[in-house]
Asker: 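Here it is, the structure in full.
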Amino acid sequence: MPENKKYTDSGIEIKEVYNAEDTMNDPPLEGPGEVPFTRGIKQDMYRGKLWTMRQYSGFSTAEESNKRYHYLLLQGVMGLSVAFDLPTQIGYDSDHALAEGEVGKVGVAISSIQDMEALFKGIRLQDVSTSMTINATAFILLSLYVAIAKKQGAALKKISGTIQNDILKEYAARGTYIYPPKPSMRIITDIFEWCSNELPKWNTISISGYHIREAGSTAVQEVAFTLSNGKAYVKAALEKGLDIDVFGKRLSFFFNAHNNLFEEIAKFRAARRMWAKIMKEFGAKDKKAMMLRFHTQTGGSTLLAQQPLNNISRVTLQTVAAVLGGTQSLHTNGYDEALSLPSEEAVRIALRTQQIAAYESGITDTVDPLGGSYFVEALTNEVEEKAWELISKIDAMGGSVPAIESNFIQNEIARSAYEYQRKIETGEKIIVGLNKFQTEEHKNIPLLKVDDKIRQMQSEKLKALRNNRDHAKCDNLLQQLNDKAVSGENMIPTVIEAVENYCTLGEIADELRSIFGEYK
């Protein structure tokens with residue numbers, strides 16, 4: 001690319017100056033809260049209610065994570081966001097041979113209802129919104145959450161939160177899948193159906209572009225692949241006979257925020273507009289079913305181990321992008337996360353970044369403050385146009401599932417990741433502290449370390465649990481689950497009953513492995 005030209009990270013050329021003619025063919029810009037929601041999903045946006053400030057957290061044991069949640073609630077978070085360890089994500093109990101070395105490392109270890117009770121001890125689930133970053137085992141973690149809410153005497157109709165539950169991006173970008181795509185989609189539609197009746201305020205899926213971006217996609221690809229996955233979930237729900245105006249209101253999205261400020265803002269605005277059009281074409285009539293509601297997390301892959309305090313500036317930029325783009329909730333990363341799980345200090349600074357943006361910056365005082373900017377409107381159009389081109393290619397293949405099965409999406413992401421890395425290595429793309437402005441460093445940042453004894457502690461708890469439960473009842477419930485998996489009946493009520501009777505996460509996941517097999 002010629003040196004005198006400027007491009008966004010998606011390769012969109014940036015003109016030196018934008019004028020009225022760059023947007024003169026645009027239709028009149030609708031108001032905020034009006035379909036297709038380019039300017040935001042609510043008329044008053046943050047003047048009416050700030051975004052939910054969540055801090056993604058979970059490590060070690062349920063007891064340790066519970067302490068962090070109480071700390072965060074005291075510091076002013078408005079909702080909890082749970083990170084689970086790798087064994088929990090792929091359906092293994094902490095004492096399974098494959099769990100060795102991973103228990104409690106990248107999130108909290110949850111194998112049974114006892115762990116879930118400890119995780120939320122002293123927290124009334126009816127009074128807090130909880131997001132759970134979980135996919136292949138989302139149906140089990142949701143069942144555990146419901147079981148705890150019932151024990152607390154909560155009204156299920158008032159319970160609010162989100163499960164990520166987005167399995168398609170796992171095949172394309174992240175890898176924590178268990179079952180093949182078709183049975184995985186069936187489990188997801190079981191969740192949609194059950195929650196529509198029993199948990200009406202619960203977001204049944206958080207269709208995730210975040211991990212697509214972390215795997216190396218561009219902003220345009222993040223929008224295109226995420227919305228294509230969204231289309232696949234909507235089709236699956238419609239084929240099950242569900243009402244789009246009911247389940248459509250409980251779909252939510254999860255996006256990344258990177259450093260290219262204006263491209264990120266344009267990305268969020270374009271995604272909202274595109275999803276409204278997609279849902280309308282599927283037959284949605286209720287405007288709430290056309291709204292793209294989304295959570296944002298600042299970009300993990302943008303954090304550097306070099307000069308880590310600079311990450312505070314990066315996270316601040318990304319916070320501004322998310323807020324100016326109209327996010328509904330936000331997690332800000334800790335400055336030390338390129339080195340370890342975030343320390344208490346790093347978590348506090350990350351939360352304070354959101355609070356300073358909310359209360360001191362003035363960016364929340366008016367709705368969509370960049371709306372009508374020649375540059376932002378032109379860039380929103382370009383992001384949308386390029387994303388539609390990619391979606392058309394995926395549609396021609398038959399949708400996201402065939403596009404994943406043929407490796408189209410994976411190859412596109414890999415190509416973008418390679419190109420980005422090449423630009424860094426040639427110096428075409430400057431990353432402060434990495435390929436320019438380096439300094440000799442003496443790191444003395446205190447790092448959070450997870451004790452390796454945790455697996456032993458978890459294994460002892462599981463042994464005691466198995467010794468003290470009703471084995472015949474557990475066996476009977478696992479057989480009922482098996483029968484429903486074969487018959488096509490909704491499995492969620494049986495999973496809830498199973499966890500209430502001390503069946504473990506690994507046992508439930510294994511029962512379905514015996515029916516559905518594992519995806520290779």
Side-chain angles (χ1 to χ4, degrees), residues 41-42 44 46 48-58 62 65-66 69-70 72-74 76-82 84 110 113 115-134 138-165 188-207 237 242-254 286-289 291-295 327-331 490-500:
I41 62 166
K42 291 185 179 170
D44 57 358
Y46 306 130
K49 182 177 179 263
L50 286 174
W51 65 92
T52 302
M53 297 180 195
R54 293 188 192 279
Q55 286 306 119
Y56 183 48
S57 181
S65 291
N66 177 261
Y69 296 158
H70 281 285
L72 288 168
L73 288 164
L74 282 172
V77 298
M78 303 164 177
L80 299 175
S81 184
V82 184
F84 297 97
I110 300 291
I113 193 167
D115 291 330
M116 204 68 163
E117 274 190 287
L119 187 66
F120 291 105
K121 188 178 179 184
I123 298 168
R124 277 179 50 79
L125 300 190
Q126 195 171 302
D127 299 337
V128 70
S129 157
T130 304
S131 170
M132 294 189 277
T133 303
I134 194 72
F139 68 108
I140 307 174
L141 272 301
L142 176 64
S143 297
L144 285 162
Y145 195 84
V146 168
I148 298 304
K150 284 167 71 178
K151 271 193 160 191
Q152 290 184 357
L156 293 189
K157 304 277 186 202
K158 293 182 179 175
I159 294 292
S160 67
T162 305
I163 37 172
Q164 193 161 100
N165 199 27
I188 287 167
T189 55
D190 274 8
I191 293 168
F192 286 3
E193 182 180 53
W194 186 83
C195 288
S196 290
N197 298 319
E198 306 296 333
L199 225 62
K201 289 180 78 175
W202 194 266
N203 297 322
T204 50
I205 194 166
S206 178
I207 304 157
L242 302 182
D243 183 344
I244 193 168
D245 283 325
V246 176
F247 76 79
K249 293 176 192 171
R250 301 323 307 168
L251 304 177
S252 64
F253 288 79
F254 175 25
D286 189 321
K287 91 174 191 179
K288 285 189 175 174
M291 285 179 180
L292 183 145
R293 296 171 301 116
F294 69 99
H295 171 73
T327 194
Q328 276 60 67
S329 72
L330 178 61
H331 162 85
N490 195 305
M491 295 182 284
I492 304 304
T494 306
V495 179
I496 293 170
E497 197 179 347
V499 299
E500 286 174 330

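What you see is a predicted model, and the numbers here were worked out from it, not measured in a lab.
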Asker: Kindly say whether Ala155 contributes a backbone atom to a donor-acceptor pair with the side chain of Gln126 at under 3.5 angstrom?
Answerer: yes
Asker: So, using salt bridge (charged side-chain N to carboxylate O under 4.0 Å, His left out) as the criterion, who are the partners of Glu198 when residues are at least two apart?
Answerer: none
Asker: What I'd like to find out is whether the side chain of Tyr46 reaches to under 4.5 Å of the side chain of Thr327, using heavy atoms alone.
Answerer: yes
Asker: If I compare all heavy atoms of Thr189 with all of Leu242, which pair ends up nearest, and what's the gap?
Answerer: O-CD1, 4.2 Å
Asker: Which of parallel (below 30°), tilted (30 to 60°) and perpendicular (above 60°) describes Trp202 and Tyr145?
Answerer: tilted
Asker: Taking Arg293 for its side chain and Leu251 for its backbone only, find out whether a donor-acceptor pair lies under 3.5 Å.
Answerer: yes
Asker: About how many Å separate CH2 of Trp51 and CE of Met78, when rounded to the nearest 0.5 Å?
Answerer: 7.5 Å
Asker: Once you measure the plane-to-plane angle for His331 and Tyr56, does it fall in the parallel (<30°), tilted (30-60°) or perpendicular (>60°) bin?
Answerer: perpendicular
Asker: Could you measure the distance from the CD1 atom of Ile163 to the OG atom of Ser206? Nearest 0.5 Å is fine.
Answerer: 10.0 Å
Asker: So, the side chain of Arg54 versus the backbone of Leu330: is there a donor-acceptor pair under 3.5 Å, distance only?
Answerer: no
Asker: Any chance you could lay out the side-chain contact (heavy atoms from CB on, under 4.5 Å) test for Ile134 and Gln164, step after step, and finish with the verdict?
Answerer: CA-CA 5 Å; Ile134 194 72; Gln164 193 161 100; 5.7 Å; no
Asker: Do you know which two heavy atoms are closest between Ser129 and Gly161, and how far apart they sit?
Answerer: OG-CA, 4.1 Å
Asker: Going through the distances and angles, do Thr162 and Ser329 end up as a side-chain contact (heavy atoms from CB on, under 4.5 Å)?
Answerer: CA-CA 11 Å; Thr162 305; Ser329 72; over 6 Å; no
Asker: Between Ser81 (side chain) and Met132 (backbone), is there a donor-acceptor pair under 3.5 Å?
Answerer: no
Asker: Check whether any side-chain heavy atom of Val128 lies under 4.5 Å from a side-chain heavy atom of Tyr69, and answer yes or no.
Answerer: no
Asker: Considering all heavy atoms of both residues, which atom of Leu292 and which atom of Phe294 are nearest to each other, and what is their separation?
Answerer: CD2-CD2, 3.6 Å
Asker: As a quick check of understanding, evaluate side-chain contact (heavy atoms from CB on, under 4.5 Å) for Asn66 and Ile123, giving each step before the final call.
Answerer: CA-CA 9 Å; Asn66 177 261; Ile123 298 168; 4.1 Å; yes
Asker: Give me the atom names and distance for the closest heavy-atom approach of Ala62 to Leu119.
Answerer: CB-N, 3.7 Å
Asker: Output yes when a side-chain donor or acceptor of Asp190 lies under 3.5 Å from a complementary backbone atom of Asn490, and no otherwise.
Answerer: no
Asker: Closest heavy-atom contact between Cys195 and Thr204?
Answerer: CB-CG2, 3.3 Å
Asker: Give the minimum heavy-atom separation between Leu141 and Met116, together with the two atoms involved.
Answerer: O-CE, 3.7 Å
Asker: Checking Leu125 against Phe120 for the side-chain contact (heavy atoms from CB on, under 4.5 Å) test, could you report, in this order, the C-alpha distance in whole Å, the side-chain angles of both residues, the deciding distance, and whether it holds?
Answerer: CA-CA 8 Å; Leu125 300 190; Phe120 291 105; 3.7 Å; yes
Asker: Once you round to the nearest 0.5 Å, how far does NZ of Lys42 lie from NZ of Lys49?
Answerer: 5.5 Å
